[in-house]
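See structure below.
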2 protein chains.
Amino acid sequence: MNSLDPTKPRMRTLAPVDVTTIQERVYQSLRLGLLKGEFLPGEQVTIRGLADVLGTSPMPVREAVARLIAERAIEQSGPRTLRVAPYLATEHENYIRIRMQLEGYAAERAARAPRNPALIGELRRHNDAMSEAVEAGDFEAALAGNQAFHFELYGAAGYPQLLDIISTLWLRTGPIVASARRDQALFERLFRIGVRIHGDAIDAVAQRDGAAARWAVNLDIRSSHLAIRKFYKTSVEAPAR
Amino acid sequence: MNSLDPTKPRMRTLAPVDVTTIQERVYQSLRLGLLKGEFLPGEQVTIRGLADVLGTSPMPVREAVARLIAERAIEQSGPRTLRVAPYLATEHENYIRIRMQLEGYAAERAARAPRNPALIGELRRHNDAMSEAVEAGDFEAALAGNQAFHFELYGAAGYPQLLDIISTLWLRTGPIVASARRDQALFERLFRIGVRIHGDAIDAVAQRDGAAARWAVNLDIRSSHLAIRKFYKTSVEAPAR
DNA sequence: ATATAAGATATGTGATCTCATATCCGTTAA
DNA sequence: TTAACGGATATGAGATCACATATCTTATAT
């Protein structure tokens with residue numbers, strides 16, 4: 001019997017394989033693309049087109065898109081047309097008010113939640129990363145840092161369901177925020193303000209001051225909203241509904 | 001030329017035909033069924049089974065179910081199993097807190113919105129219908145009246161997007177609330193309390209007192225939650241996750 | 001009698017095909 | 001030159017088929 005003896009126990013090097021469905025991977029990919037600003041608000045998409053880009057058949061894309069339609073991140077603009085949710089001033093303003101309610105509440109709960117020793121450090125780390133990215137002019141990284149900061153904070157509230165709803169709202173407003181970064185000067189200013197407000201939020205959490213945490217997050221949301229509104233007012237006109 | 005002359009103008013009796021997709025009708029049907037309590041929390045469903053009941057093929061059902069999964073009304077409990085969202089005490093409690101934030105906010109805004117002369121009358125009408133249904137022991141009608149009252153109120157806030165999110169939350173908690181009506185005595189008591197609280201809410205709106213409206217709605221949500229928790233604690237145990 | 005294994009059934013996932021129709025483009029007639 | 005008609009193309013919706021596998025049933029062996 002040599003070393004190839006099949007009855008002899010030996011080390012296996014096979015690793016478990018990714019068993020997630022194609023549909024799920026398509027969904028996650030589209031979701032990430034929306035949050036990273038790879039789609040413009042109002043941009044038309046087609047199921048077959050996405051399937052080609054993603055290297056799969058239309059079938060999994062259809063169902064991933066159906067989920068995104070349910071989350072209002074993609075909408076049917078006509079009988080046979082799909083598009084990324086467009087920027088509409090009043091609609092976006094409504095979402096901002098809803099976000100202030102929910103994210104403000106999440107921040108308040110996070111500040112009042114049982115102390116997690118690592119939380120403050122993590123928040124600072126995300127905010128520092130965002131700050132450095134802004135100064136380096138890397139707006140994609142700044143966007144990612146901003147997102148990481150917010151979700152670290154909201155996650156500390158200990159409400160998976162709340163986090164889930166907030167994620168959906170970010171998915172709707174993501175392409176709008178991300179595409180607005182094309183105005184570099186405006187967004188540099190915006191992100192610098194954001195970094196400072198995040199600092200206030202961190203202080204509020206450190207002092208377990210729920211009201212102050214809520215206030216800081218609401219200020220952050222509102223100030224970013226104002227910048228985005230200015231961007232869209234002065235540059236792009238929203239596509240017709 | 002007789003009366004069948006095709007050149008002679010004549011009255012047409014053809015009415016427009018329903019052009020909505022099967023998928024959309026399946027979705028609306030499932031949605032209504034969930035809100036009316038035709039599904040039990042944790043109940044298993046199959047795509048082919050639903051397709052048979054609805055008299056269609058699995059295809060439109062698949063995509064309608066995908067949307068409901070995105071809304072967390074249906075979930076995948078295993079590799080090849082779908083079920084209606086089950087009752088889980090802490091998860092449900094989290095949803096209750098989120099609903100208090102959002103529905104409280106909606107009520108506050110509704111009370112402070114520009115006066116709609118018909119609103120108070122509509123609210124009273126829904127609440128009276130609910131009250132009569134409770135006394136008649138018609139819990140399905142009472143449930144419908146309760147829903148109509150809440151959405152009439154929240155709709156008056158003038159935030160379609162907020163209404164949409166609240167609808168999604170009701171879709172998740174709908175089967176839980178609806179199935180709990182099986183304990184008649186408990187729910188008779190609950191609905192009677194609800195009718196009274198609704199009266200307080202109507203008064204708050206009539207006086208344009210946003211804080212009072214928020215308070216009334218939050219009390220309504222919380223009291224119904226307590227009744228449901230009691231029901232599930234004393235009767236049914238939630239299916240294992 | 002019980003436990004294990006083999007076979008049958010059920011079910012979600014994905015691919016492929018068909019269909020209706022919206023959209024685009026070129027041709028033709030006024 | 002312009003507008004209207006018609007054909008080609010693109011696209012979402014739906015049906016059908018194929019596949020892998022989880023679950024249930026049944027038979028057999030201990």
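Keep in mind that the numbers below use all heavy atoms, side chains included, and drop hydrogens, waters and symmetry copies. Each chain gets a letter, A, B and so on, in the order the sequences are listed, and its residues count up from 1.
Between C/dT23 and A/Gln44, no contact under 4.0 Å exists linking OP1 or OP2 to a side-chain N or O.
Listed by chain and number, the residues in a ring pair (Phe, Tyr, Trp, His ring centres under 6.0 Å) with A/Phe39 amount to none (sequence neighbours excluded). Partners of A/Phe187 under the ring pair (Phe, Tyr, Trp, His ring centres under 6.0 Å) rule, at least two apart in sequence or in another chain, are A/Phe191. Under the rule for a ring pair (Phe, Tyr, Trp, His ring centres under 6.0 Å), the partners of A/Phe149 that lie at least two apart in sequence or sit in another chain are A/His198. For A/Asp138, there are no salt bridge (charged side-chain N to carboxylate O under 4.0 Å, His left out) partners at least two apart in sequence or on another chain.
Taking the six-membered ring where tryptophan is involved, the planes of B/Tyr159 and B/Tyr105 are perpendicular, since the angle between them exceeds 60° and thus also 30°.
If you check every strand for non-hydrogen atoms under 4.0 Å, B/Val45 touches sugar and phosphate atoms only. Among the protein residues, B/Gln23 comes within range of the sugar-phosphate backbone only, with heavy atoms under 4.0 Å from sugar or phosphate atoms but none that close to a base. Residue-level contact check: A/Val61 touches neither bases nor backbone, having no heavy atom under 4.0 Å from any strand.
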Check the interface with nucleotides 18-24 of chain D: list each N/O to N/O pair with the protein under 3.5 Å, or write none.
| from | atom 1 | to | atom 2 | distance (Å) |
| --- | --- | --- | --- | --- |
| D/dT21 | O4' | B/Arg80 | NH2 | 3.3 |

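A donor and an acceptor atom sit less than 3.5 Å apart, one in the side chain of A/Arg62 and one in the base of D/dG14.
Mapping B/Ile47 and A/Pro58 onto DNA chain C via the closest heavy atom, the residue that lands nearer the 5' end is B/Ile47.
To the nearest angstrom, P of C/dG12 lies 14 Å from CZ of B/Arg83. Distance B/Gln76 CD to C/dG12 P: 9 Å, rounded to the nearest Å. Rounded to whole Å, atom P of D/dA10 lies 17 Å from atom CG of A/Leu50. Put simply, CD on B/Glu63 is 13 Å from P on C/dG14, counting in whole angstrom units. Atom CE in A/Met59 sits about 16 Å away from atom P in C/dT18, given to the nearest Å. Per the geometry, CD belonging to A/Glu24 stands 10 Å off P belonging to C/dG14, to the nearest Å.
Sorted by first and then second residue, the salt bridge (Lys or Arg N to Asp or Glu O under 4.0 Å) pairs involving residues 153-167 of chain B (not counting sequence neighbours) are A/Arg72-B/Asp164.
Between A/His225 and A/His92, the gap from one ring centroid to the other is short of 6.0 Å.
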